[in-house]
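Okay, so here's the structure we're looking at.
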Amino acid sequence: MYYYLFTIQYDGTDFCGWAKQKNQSTIQGELESAISRVARNSIFRIVGASKTDSGVHAQDQKAWVELNFKPNVQGFLNALNRSLPLGIKILNVKEIAKDFRVRNCKEKTYEYKINLGENNVFENRYYFSPNNKLDLFKLKEALNIFIGTYDFYNFSGLKIEEKELIETKRTINSIETNLEKDIFTITFKAKGFIRYQIRMIVGASIAYSLNKINFKKIENVLNMREEKMPFIANPEGLILKKIDY
């Protein structure tokens with residue numbers, strides 16, 4: 001068997017996330033279909049570094065790929081890209097050792113973008129556009145509380161029975177913000193995130209900036225003194241920016 005690291009970018013709007021699902025178009029599913037068309041009767045496996053949600057984008061997704069044949073890498077890459085649907089592109093294919101662990105990265109970087117200006121029909125897929133004016137000072141104040149190590153179960157899409165199977169204690173290394181030309185960018189860095197974690201953090205922070213909840217509420221929920229809140233930010237503003245090994 002032969003092993004490769006794929007670097008992939010995609011517009012997640014038209015796909016139901018990374019992970020393969022029955023009767024749904026997903027990034028992993030489309031990659032598997034492309035390999036099956038390009039290399040008929042081949043045997044292969046794909047493992048993604050990050051299971052992005054439905055509608056979420058990626059600039060630097062990674063995938064570990066096991067093949068039962070050794071391809072001409074450049075020709076294989078070109079053929080796969082011709083076979084993939086609009087919105088998915090493999091940027092690079094690199095041969096790796098069998099024991100490379102694609103999910104064991106040093107750090108993942110995600111960005112969440114908020115458009116504070118007028119809507120642009122050609123860019124709406126990549127920003128969240130709020131209906132009301134946000135208090136950016138309060139938004140940043142709320143985001144800062146999430147830096148560090150916490151049990152993030154209340155800021156995840158996990159059900160209680162999943163808590164026994166998935167580690168919910170995580171460390172967010174940094175959360176930085178930047179405002180440029182009406183685009184407010186929130187950058188998250190951590191070794192790994194749980195399902196919906198970033199979107200629920202952003203959703204709660206936006207709710208606080210709109211005076212829908214108070215700061216104590218966020219503290220209590222984060223520290224497991226109260227139950228989950230219903231706030232979750234739209235997926236279109238979120239992009240997997242980079243994975244470092």
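The model shown is predicted, which means the values in this text are computed figures rather than measured ones.
- Looking at heavy atoms from C-beta onward, M200 lies out of side-chain contact with V202 at the 4.5 angstrom threshold.
- When side chains are defined from C-beta on, I43 does not count as touching F69, because their heavy atoms never get closer than 4.5 Å.
- In this structure a side-chain-to-backbone donor-acceptor pair under 3.5 Å is present from S205 to I201.
- Side-chain N/O atoms of N223 and E219 include no donor and acceptor closer than 3.5 Å.
- Side-chain contact check for T149 versus K169: some heavy-atom pair is nearer than 4.5 Å.
- Distance CD1/I90 to CD1/I35: 7.0 Å, rounded to 0.5 Å.
- Both L222 and I186 sit in one connected hydrophobic cluster of ILVMFWY residues. Membership requires side-chain heavy atoms under 4.5 Å apart, directly or through other members.
- Side-chain atoms of R103 come within 3.5 Å of backbone N or O of G48 as a donor-acceptor pair.
- K138 contributes a side-chain N or O that, together with a main-chain N or O of Y208, makes up a donor-acceptor pair within less than 3.5 Å.
- The closest side-chain heavy-atom distance from V65 to L31 is not below 4.5 Å.
- A single hydrophobic cluster is not seen to contain both Y126 and L238; linkage of ILVMFWY side chains at heavy-atom distances under 4.5 Å, directly or through other members, places them apart.
- There is a side-chain donor-acceptor pair under 3.5 Å between S50 and Y110.
- Side-chain contact between N92 and L77 is absent, with no heavy-atom pair separated by less than 4.5 Å.
- At most 12 heavy atoms of other shown residues, nucleotides or ligands fall within 6.0 angstrom of atom CD in E118.
- Residues K217 and E226 come closest through the heavy atom pair NZ-OE1, 2.6 Å.
- How far OH of Y153 is from NZ of K159: 10.0 Å, rounded to the nearest 0.5 Å.
- Taking the six-membered ring where the residue is Trp, F128 and Y112 present tilted rings, their angle falling between 30° and 60°.
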**Item:** side chain to side chain contact (heavy atoms under 4.5 Å, CB included) assessment of I206 paired with L134
**Value:** CA-CA 7 Å; I206 288 174; L134 304 182; 3.9 Å; yes

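- Checking K191 against N173 by side-chain atom types alone, no donor-acceptor pair falls below 3.5 Å.
- Under a hydrophobic clustering in which Ile, Leu, Val, Met, Phe, Trp and Tyr are joined whenever their side-chain heavy atoms come within less than 4.5 Å, directly or via other members, L80 and W64 fall into different clusters.
- Annotation for L86 and F15: closest pair O-CZ, 4.0 Å, computed over non-hydrogen atoms.
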**Request:** Using the side chain to side chain contact (heavy atoms under 4.5 Å, CB included) rule, take N234 and Y127 through it: C-alpha gap first, then chi angles, then the decisive distance, then the call.
**Result:** CA-CA 9 Å; N234 292 13; Y127 307 118; over 6 Å; no

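- The distance from atom NZ of K181 to atom CG of L116, rounded to the nearest 0.5 Å, is 15.0 Å.
- The aromatic rings of F100 and Y245 lie tilted to each other, with the angle between the two planes from 30° to 60°.
- One finds the OG atom of S174 at 11.0 Å from the CG atom of N144 (value rounded to the nearest 0.5 Å).
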**Message:** Assess the residue pair T13 and E236 against the criterion (side chain to side chain contact (heavy atoms under 4.5 Å, CB included)); give the C-alpha distance rounded to whole Å, side-chain angles, the decisive distance to 0.1 Å, and a yes or no.
**Reply:** CA-CA 7 Å; T13 308; E236 63 266 19; 5.8 Å; no

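- A 6.0 Å sphere centred on NZ of K228 holds more than 12 heavy atoms belonging to other residues, nucleotides or ligands.
- Look at K89 and D11 and you find no salt bridge, because none of the NZ, NE, NH1 or NH2 atoms lies under 4.0 Å from a carboxylate O.
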**Item:** Trace of the side chain to side chain contact (heavy atoms under 4.5 Å, CB included) decision for D53 with R199
**Value:** CA-CA 10 Å; D53 305 330; R199 290 170 58 198; 3.7 Å; yes

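- Judged by distance alone, with hydrogens and angles left aside, the side-chain atoms of E66 form no donor-acceptor pair with the main-chain N or O of M1 at under 3.5 Å.
- For the pair D244 and K242, the salt-bridge criterion is met [side-chain N within less than 4.0 Å of a carboxylate O].
- For E167, the CD atom sits in a packed shell: over 12 heavy atoms of surrounding residues, nucleotides or ligands are nearer than 6.0 Å.
- Both F146 and F215 belong to a single network of hydrophobic side chains, linked directly or stepwise wherever heavy atoms of I, L, V, M, F, W or Y lie under 4.5 Å apart.
- Interatomic distance, CG of N120 versus CG of D182, reported as 11.5 Å (0.5 Å rounding).
- The CZ atom of F44 sits 3.5 Å away from the OG atom of S36 when rounded to the nearest 0.5 Å.
- Here the closest heavy-atom approach between residue I8 and residue A63 is recorded as CD1-CB, 3.8 Å.
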**Request:** Apply salt bridge (Lys or Arg N to Asp or Glu O under 4.0 Å) to the pair K140 and D135, showing each step before the final yes or no.
**Result:** CA-CA 9 Å; K140 289 187 278 189; D135 183 330; over 6 Å; no

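- Here the side chains of Q197 and I172 are in contact, with some heavy-atom distance below 4.5 Å.
- Nearest heavy-atom pair across N115 and S129 is CB-OG, 3.7 Å.
- Counting heavy atoms from C-beta outward, F6 and L91 have side chains that stay 4.5 Å or more apart.
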**Request:** Please step through salt bridge (Lys or Arg N to Asp or Glu O under 4.0 Å) for the pair K108 and D60, ending with a clear verdict.
**Result:** CA-CA 10 Å; K108 294 178 181 177; D60 184 40; over 6 Å; no

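- For V93 against V73, the heavy-atom pair with the smallest separation is O-CG1, 3.4 Å.
- Closest non-hydrogen pair, N154 versus V221, comes out as ND2-O, 2.8 Å.
- Taking the side chain as every heavy atom from C-beta outward, T177 and L136 never approach each other to under 4.5 Å.
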**Request:** With salt bridge (Lys or Arg N to Asp or Glu O under 4.0 Å) as the test, would you mind laying out the steps for K113 and E111 before giving the verdict?
**Result:** CA-CA 6 Å; K113 292 183 176 290; E111 286 184 352; 3.5 Å; yes

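- Under the 4.5 Å side-chain heavy-atom criterion for ILVMFWY residues, no single connected hydrophobic cluster contains both Y10 and V47.
- Under the side chain to side chain contact (heavy atoms under 4.5 Å, CB included) rule, L240 has a single partner from Q59, Q61, H57, Q9, which is Q61.
- When only modelled atom types and interatomic distance are considered, T185 and E180 share no side-chain donor-acceptor pair under 3.5 Å.
- In the model, S156 has no side-chain atom that pairs as donor or acceptor with a side-chain atom of R195 under 3.5 Å.
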